[in-house]
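Here's the structure, in structure tokens; my notes come after.
FYI, side chains are in, hydrogens and waters are out, and symmetry mates aren't considered; it's all heavy atoms of this structure.
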Amino acid sequence: MNDNWITGMDLSTLLAVEENGGKFYDHGVPGGAMEMLQKYGMNLVRLRIWNDPYDEQGNSYGAGGCDIETVISLAKRAKQLGVGWLLDLHYSDFWADPGKQWMPKAWRGMNAQELEQAIYDYTTEVLERCRKEDVLPQMVAVGNELSNGFLWPLGQLPHGGSWKRLLVEAQSQDTASGEQSENDTVYGQSQSAEANELNQSDASKEQSQSEAADEENEFSPDGVRLSDAYKNVAAFVSAGIRAVRNFGDSQQLPVMIHLDAGGDNELFRRWFDHYLANGGENFEYIGMSYYPFWHGTLDKLQYNMNDIARRYGKKLVVAEVSMGFTMEDYASYEKLSAAERKGMATKPEAAAMVPYPMTPQGQADFMKDAIEVIRQVPDGLGCGFIYWEPAWIPVPNVGWANAASCEYIHDPGPGGNEWANQALFDYEGNTLPALDVIGEYAQKY
């Protein structure tokens, strides 16, 4: 992996796509997706891992499987190509993101101290397995999109930093016209534009004392004191970091802490200030997700990256990014009925918020501008990006969830592929022009 510039790709579903008939072509020449992406500059593969992604009957939760065997298999393929990889520990049995950080089945009922030990032991176990298979990662992400906390309910944090504020927002939404999209609600992007654009100075001592008092007196719906939740999040993340640090290998693996909403400066300041104030272990990278249809303009991303680079002095990676290349439906490829598929995440109302057309050229232009934002971060701390699931093309049986996993995450479904129109391959598996842009920057840096 080039430490100076990361051209990363999350390929967590690749095995499942291939097993269900997915084929890939570069200008008409068939081949492997991983090999093609390497040709266009990929030097890091991101692979998510779920603790136990199976129900009690042994049915897979789907969405690529993402158990240890799948991760090892893909990591070996990356190593054969000379490509590094990032181990993305979700510490859940299925998706973990701002809308869901569900406790793994095996950890339910544990108290905070027991969870710290479980995190430490599990992290060590995964790394030991990687070493045994001779595929140690080049980077480890402790948790995934931790904006709203980690291992709910003990580590649950409210969007906006206050349970009271969250309650007020919920009450306001109950009486509102419902213009906000479903995905905006899930990812909590109700932050006002004005709040993001203001250059927020450090809070005064009096204000800090007031906020601390509020946190002591605020409780989550599950009865967890907000101040304790912040302490628990710092302790849980730190347990994972200590496991990485104490892992018996001469090579110290760099650690990433990853939040979503890359355009939300208030979130990043609040989260990392609390983490550090609660004794959080040191780490090397701040990761952020940035999806232009959910997370504001590129100007907001640039402001946030520049600000937190100066504030914390950490290397920054846009750990998840993507952009659509079409709004054409792909139902015929999935072979699912309308009732069985959720459809694309970029609903028309979300796509309308993006100042780039959802076309192959629009996707390429967006990636050029996004990379320029990252390159302009002060002191060379903008270190690259990881494109999210560029090879998740629409094939049967590779949806985001199935009946077993929907039950685990308390989601009504349906399943299906939500991401195919944001891949870097079209529905037939052909490379798209955005890869040329990505490759040009990879060669330059």
Side-chain angles (χ1 to χ4, degrees), residues 97-99 144-148 157-162 165-166 169 172-173 176 179-201 257-273 286-312 316-324 327 344-358 362-363 365-378 381-382 384-388 418-419 421-422 434:
D97 58 44
N144 187 74
E145 292 191 326
L146 301 178
S147 308
N148 292 341
L157 303 176
H159 162 64
S162 167
R165 189 185 311 173
L166 188 65
E169 288 177 358
S172 299
Q173 289 172 0
E179 294 179 356
Q180 190 177 25
S181 73
E182 176 184 346
N183 281 309
D184 286 338
T185 302
V186 170
Y187 281 82
Q189 304 310 309
S190 58
Q191 194 84 5
S192 69
E194 292 81 3
N196 267 335
E197 291 174 354
L198 287 174
N199 185 351
Q200 300 169 346
S201 61
I257 298 179
H258 173 201
L259 310 186
D260 85 315
D264 190 340
N265 182 245
E266 186 278 333
L267 164 67
F268 278 75
R269 280 179 164 240
R270 168 170 46 83
W271 200 101
F272 283 102
D273 283 355
I286 290 177
M288 57 184 63
S289 298
Y290 178 71
Y291 298 111
F293 35 88
W294 290 331
H295 297 154
T297 64
L298 280 171
D299 287 342
K300 293 182 188 298
L301 175 67
Q302 184 166 36
Y303 174 80
N304 187 35
M305 294 190 80
N306 292 353
D307 181 67
I308 64 173
R310 297 187 185 99
R311 187 172 179 87
Y312 304 112
L316 306 182
V317 176
V318 178
E320 291 184 23
V321 64
S322 74
M323 168 66 186
M327 289 298 289
M344 62 183 65
T346 49
K347 306 297 186 209
E349 59 271 22
M353 299 172 64
V354 181
Y356 299 85
M358 295 281 186
Q363 183 188 54
D365 291 342
F366 166 78
M367 284 307 302
K368 180 179 185 299
D369 291 346
I371 292 171
E372 286 291 345
V373 164
I374 300 168
R375 293 297 310 172
Q376 293 168 19
V377 173
L381 291 174
F385 67 92
I386 300 170
Y387 199 96
W388 200 75
E418 292 189 277
W419 221 256
N421 73 319
Q422 298 180 65

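To the nearest 0.5 Å, the span separating CD1 on Ile308 from CZ on Arg311 amounts to 10.5 Å. For the atom pair Met353 CE and Lys347 NZ, the distance stands at 15.0 Å (nearest 0.5 Å). Distance CG/Asp264 to CZ/Phe268: 7.5 Å, rounded to 0.5 Å. Atom OH of Tyr387 is separated from atom CD of Gln422 by 6.5 Å, given to the nearest 0.5 angstrom. Atom CD of Glu266 and atom CG of Asp307 lie 11.5 Å apart (nearest 0.5 Å). Rounded to the nearest 0.5 Å, atoms CD1 (Ile374) and CG (Leu301) are 7.0 Å apart.
With sequence neighbours excluded, the residues that form a ring pair (Phe, Tyr, Trp, His ring centres under 6.0 Å) with Phe272 are Phe283, Tyr312. Tyr290 is linked by a ring pair (Phe, Tyr, Trp, His ring centres under 6.0 Å) to nothing, counting only residues two or more places apart in sequence or in another chain.
Looking at Gln363, its side chain does come within 3.5 Å of a backbone N or O of Met323 through a donor-acceptor pair. Judged by distance alone, the side chain of Asn304 and the main-chain N or O of Gly262 form a donor-acceptor pair under 3.5 Å. In this structure, Ser322 contributes its side chain and Trp388 its backbone to no donor-acceptor pair below 3.5 Å.
What you find for Pro378 and Asn306 is that their closest heavy atoms are CD-OD1, 3.3 Å. Ser147 approaches Leu267 most closely through the heavy-atom pair OG-CD2, 3.7 Å. Nearest heavy atom pair, residue Met367 against residue Ala434, reads CG-CB, 4.4 Å. Of all non-hydrogen atoms in Asn144 and Glu320, the two that sit nearest each other are OD1-OE2, 3.8 Å. Here the closest heavy-atom approach between residue Asp97 and residue Glu145 is recorded as CB-OE1, 3.2 Å. In this structure, Ala345 and Trp419 approach most closely via the heavy-atom pair CB-CZ3, 3.9 Å.
Looking only at side-chain heavy atoms (C-beta outward), Val317 and Ile386 come within less than 4.5 Å of each other. Looking at heavy atoms from C-beta onward, Met288 lies out of side-chain contact with His295 at the 4.5 angstrom threshold. Residues Glu418 and Met344 fail the side-chain proximity criterion, which asks for heavy atoms closer than 4.5 Å. Within the 4.5 Å cutoff, the side chain of Leu157 has heavy atoms near those of the Trp271 side chain.
Between Trp294 and Tyr291, the two ring planes are perpendicular [angle over 60°; tilted spans 30° to 60°].
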Working for side chain to side chain contact (heavy atoms under 4.5 Å, CB included), residues His258 and Leu146: CA-CA 6 Å; His258 173 201; Leu146 301 178; over 6 Å; no
